[in-house]
Amino acid sequence: MQIGIPKELASGEKRVATVPDVVEKLIKLGFSVAVESGAGDAANFADDTYRAAGAEIVPSADKVWSGSDIVFKVRVPSADEVAMLREGSTLIGFIWPAQNPELMQQLAARKATVLAIDSLPRQISRAQKMDALSSMAGISGYRAVIEAANAFGRFFNGQITAAGKVPPAKVFIAGAGVAGLAAIGTAANLGAVVRANDTRAEVADQVVSLGGEFVKVDYEEEGSGGGGYGKVMSEGFQQAQRAMYAEQAKDADIIITTALIPGKPAPKLITAEMVKTMKPGSVIVDMAAEQGGNCELTEPGQAVVKHGVTIVGYTDLVSRMARQASTLYSNNLLRLTEELCKTKDGVINVNMEDDAIRGLTVVKEGSVTWPPPPLKLPAPPPAKSAAALTAPKAHGHGAGAPMSAKSLAAVFGVSAVLFLLVGLYAPASFLAHFTVFVLACFIGYMVVWNVAPSLHTPLMSVTNAISSIIAIGALVQVAPPVTSTVAGAVTDRPNALILGLAVFALALTAVNMFGGFAVTRRMLAMFRK
C-alpha cells in the first residue's frame with residue numbers, strides 16, 4: 001500500500017506529516033511513500049532528503065490524494081482536499097469530529113476510513129506512544145514561554161548587578177495539562193517565579209516537581225473530566241476561580257492560559273477588568289486562542305496591546321517550531337502505523353476490537369463510527385476502611401510490619417541457645433568477634449526493615465557502599481603488620497587459604513563500593529535540575 005504525504009494548505013501551517021527518518025521506517029514496514037514536492041520545505045526538509053530516504057516525490061497534490069491508499073495529514077482537510085481523496089482509501093490526521101460534522105459526512109460520502117489522531121483514548125497506557133495531542137501540546141507550552149519572554153522585554157531570572165537589582169519575573173499559568181506543565185518547566189528553568197492552577201487537584205504534585213507553586217481555588221470540587229482533560233465546573237467553583245485569577249492578575253508579570261474542554265469553546269478565565277489591573281508591560285499568552293481564547297480581549301492570530309498589556313493570541317505556536325513538531329508528529333503516526341500493520345507486510349488492518357484503534361476510527365468504510373462506545377476500564381480496587389488500614393494482621397507480616405511477641409520471643413530463645421553452645425565450645429576470641437557480627441546483622445536488619453519499601457533501593461546502595469569496610473579487614477590479612485625482633489624485621493604471613501579469601505573479599509568489596517556509590521550518584525542526579 002502507498003502512503004501519501006500532501007503539502008499542508010492551512011494558512012501559517014509549516015508542519016509536514018512525515019519526516020525523512022520516518023519514511024525509511026515506513027518502507028521497512030512494507031509501504032511505499034509518495035511525498036508532494038515542497039511538502040517539507042517550511043519545516044526544513046528538502047525533497048532531496050525524502051528521495052534519499054526512499055520516497056517518491058510527486059509534483060502535484062492531486063496525484064498524492066488520488067494515488068495513495070493511505071494519506072497522512074496534519075491539519076483538518078479542506079473540502080477541496082476531501083474531493084481529491086480516492087474512494088475507499090484511509091485518512092489519518094487531526095479531524096476534530098465534534099467540531100466538524102459536515103466534514104464527517106463528506107468523508108463518509110467518499111467511503112473512506114478515517115482515523116482521527118485527536119480522538120485517541122488517552123486513558124490507555126499503551127496509546128501514549130501515539131498521543132499526538134500531548135506531543136504538540138508540549139511544544140506549544142514551551143513556545144508560549146519563548147513568545148512571552150520576547151514580548152516581556154525583561155529578564156526572567158532575578159539578578160543583582162552594578163547597575164541595579166532586577167527582580168525575577170512572576171509567571172502565572174492557568175491550566176496544568178501537558179502544555180501547562182511544559183510551560184511551567186520552561187519558565188522555572190529560565191529563573192522565573194512560577195505559580196499555576198488547575199481544576200484537577202491531582203496535578204499539584206506535578207506542578208511542584210517542575211519548580212512551580214500550585215495555587216488552589218478556595219472551593220472543593222473535583223475537576224477531572226477523564227482522558228487527561230478537565231470538565232466544566234459548577235458556577236460556585238467558577239466564581240471562586242475568578243476571584244483567585246483576579247488576585248493573580250494584579251501580581252503577575254506574565255499570564256499563560258491553556259484551558260480547553262473538548263468539543264466546547266475555550267472558557268473565559270481572564271476578563272477585561274482583570275487585564276486593566278495588570279501592571280503596564282505585562283504579557284498574556286493565550287494558548288486557547290484558536291478555540292476563542294481564555295482572555296476576553298484576545299484576538300486570534302495576533303499580538304495586540306490593550307490597557308498597556310501585550311496579549312499574544314497566536315494560533316500557530318506549534319508551527320513556529322515546525323521541524324521539531326513534524327518530527328514528533330511523524331513518530332506518533334509511525335507508532336500508529338505499526339499498530340495497524342503488525343504483520344509488516346505493507347497492509348493495514350483497522351481492528352475495531354482494539355480499544356485504541358476503535359477510539360481513533362471515526363469513519364469506517366463510509367460509515368460514521370464516532371463517538372465510540374465507552375471504554376471498559378478495569379474496576380478500581382475496593383477502598384479499605386480506616387479500621388482495616390490500621391488494624392494489625394492476624395497471620396503473617398505485611399511489608400514493614402513488626403514481628404509478633406511470640407515470634408520475637410522464639411527468635412531470642414533460639415539465639416540464646418546458639419550463644420550458649422558457642423560460649424561453651426568456642427575460643428574466647430571467636431566469641432567476641434561472633435557477638436559483634438550478630439549485633440551488626442541485627443542492627444542492619446532493623447534499619448532496613450523499618451524503612452518504606454520505596455526507599456529500599458537508595459538505602460541499600462548507600463549501606464552496601466558503607467559495608468565495604470570489610471575491605472580493611474581483607475587488607476590487614478593480605479599485608480599484615482611487620483614486627484621487629486633482635487634478628488631483624490619479621491613478617492607474619494597468613495596461610496594460603498586465608499590469603500586467597502582475603503584477595504577474593506577485596507575484589508568483591510571493590511565492586512560493591514563502586515556499584516553502591518555509582519547507583520547513589522545516579523539516583524541523586526534524578527532529583528537535580
Side-chain angles (χ1 to χ4, degrees), residues 1-10 17-18 26 29-36 39 58 60-122 124 127 130-133 227 262-263 329 332-343 345-376:
M1 299 179 80
Q2 177 175 293
I3 296 175
I5 314 297
K7 185 176 182 178
E8 298 295 324
L9 301 179
T18 293
L26 291 172
L29 288 175
F31 298 95
S32 62
V33 181
V35 180
E36 182 183 353
V58 179
S60 65
D62 177 63
K63 291 185 177 181
V64 173
W65 284 93
S66 61
S68 300
D69 304 289
I70 306 166
V71 176
F72 285 177
K73 273 279 286 158
V74 178
R75 289 278 187 167
V76 175
S78 65
D80 291 338
E81 288 175 318
V82 173
M84 291 188 288
L85 181 65
R86 192 176 75 189
E87 285 195 5
S89 59
T90 301
L91 173 65
I92 303 176
F94 285 102
I95 302 297
W96 306 108
Q99 291 95 319
N100 297 292
E102 293 182 4
L103 172 65
M104 295 285 286
Q105 295 303 320
Q106 292 171 3
L107 291 167
R110 303 294 297 175
K111 296 182 173 55
T113 296
V114 182
L115 279 70
I117 201 71
D118 47 89
S119 297
L120 180 76
R122 304 167 83 184
I124 303 174
M130 303 178 274
D131 190 0
L133 283 174
Y329 182 68
N332 293 138
L333 295 190
L334 170 65
R335 301 309 171 200
L336 172 57
T337 307
E338 290 174 342
E339 291 292 316
L340 295 171
C341 182
K342 294 182 178 180
T343 55
D345 58 356
V347 179
I348 63 171
N349 174 30
V350 182
N351 181 12
M352 300 296 273
E353 299 300 319
D354 184 316
D355 287 338
I357 302 302
R358 175 63 187 87
L360 284 167
T361 307
V362 296
V363 180
K364 176 69 183 295
E365 297 174 354
S367 299
V368 176
T369 58
W370 187 88
L375 285 174
K376 296 179 181 178

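Sequence positions, counted from 1, serve as the residue numbers for this chain.
By the 6.0 Å contact criterion, CD on Glu102 is open, its count of non-hydrogen atoms from other residues, nucleotides or ligands being 12 or less. For Lys63, the NZ atom sits in a loose shell: 12 or fewer heavy atoms of surrounding residues, nucleotides or ligands are nearer than 6.0 Å.
Taking the six-membered ring wherever Trp is involved, the centroid distance between the rings of Phe94 and Tyr329 falls below 6.0 Å.
The side-chain heavy atoms of Trp65 and Ser89, taken from C-beta on, include no pair separated by under 4.5 Å. A heavy-atom distance below 4.5 Å is found between the side chains of Met352 and Val350. Within the 4.5 Å cutoff, side-chain heavy atoms of Val64 are placed close to those of Pro6. Contact check for Pro77 versus Leu91: side-chain heavy atoms found under the 4.5 Å cut-off. Residues Leu103 and Val82 meet the side-chain proximity criterion, which asks for heavy atoms closer than 4.5 Å. The shortest distance between side-chain heavy atoms of Phe72 and Thr337 falls below 4.5 Å. With a 4.5 Å cut-off on side-chain heavy atoms, Ile348 and Thr90 count as touching.
Remark: the backbone N or O of Ile95 is paired with a side-chain donor or acceptor of Asp118 at under 3.5 angstrom. Put simply, the side chain of Arg110 gets close to the backbone of Leu85: a donor and an acceptor are under 3.5 Å apart. At distances below 3.5 Å, at least one donor-acceptor pair connects side-chain atoms of Thr113 with backbone N or O atoms of Glu365. The closest donor-acceptor contact from the side chain of Thr369 to the backbone of Thr361 lies under 3.5 Å.
Between atom CG of residue Leu26 and atom CD1 of residue Ile5 there is a gap of 7.5 Å, rounded to the nearest 0.5 Å. The CG atom of Leu340 sits 7.5 Å away from atom CZ of Phe31, with the distance rounded to the nearest 0.5 Å. To the nearest 0.5 Å, the span separating OG on Ser119 from CZ on Arg358 amounts to 10.5 Å. Here Leu133 contributes atom CG and Ile117 contributes atom CD1; the two are 8.0 Å apart, rounded to the nearest 0.5 Å. Once rounded to the nearest 0.5 Å, the distance linking CG of Leu115 with CD of Glu339 reads 12.0 Å. One distance of note links CZ of Arg122 with CD1 of Ile124; it measures 12.5 Å at 0.5 Å rounding.
The existence of a salt bridge linking Lys73 and Glu8 is confirmed by a sub-4.0 Å separation between a basic side-chain nitrogen and an acidic carboxylate oxygen.
Heavy atoms only, all atoms of each residue included: Val362 and Pro97 are closest at CG1-CG, 3.9 Å. The shortest non-hydrogen separation linking Ala17 to Leu333 is O-CD1, 3.8 Å. Of all the heavy atoms in Leu9 and Glu81, the pair that sits closest is CD1-OE2, 3.5 Å. When all heavy atoms of Ala356 and Met130 are compared, the closest pair comes out as CB-CE, 4.2 Å. Nearest approach of Ala108 to Val363, heavy atoms of both residues: CA-CG1, 4.1 Å. The minimum heavy-atom distance linking Pro121 with Leu375 is given by the pair CB-CD1, 3.7 Å.
The closest side-chain donor-acceptor pair between Gln2 and Ser68 falls under 3.5 angstrom. Thr343 and Asp345 are linked by a side-chain donor-acceptor pair at a separation below 3.5 angstrom, with hydrogens and angles left out of the test.
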Might you work through the side-chain contact (heavy atoms from CB on, under 4.5 Å) test for Leu360 and Leu336, ending with a clear yes or no? CA-CA 10 Å; Leu360 284 167; Leu336 172 57; 3.5 Å; yes
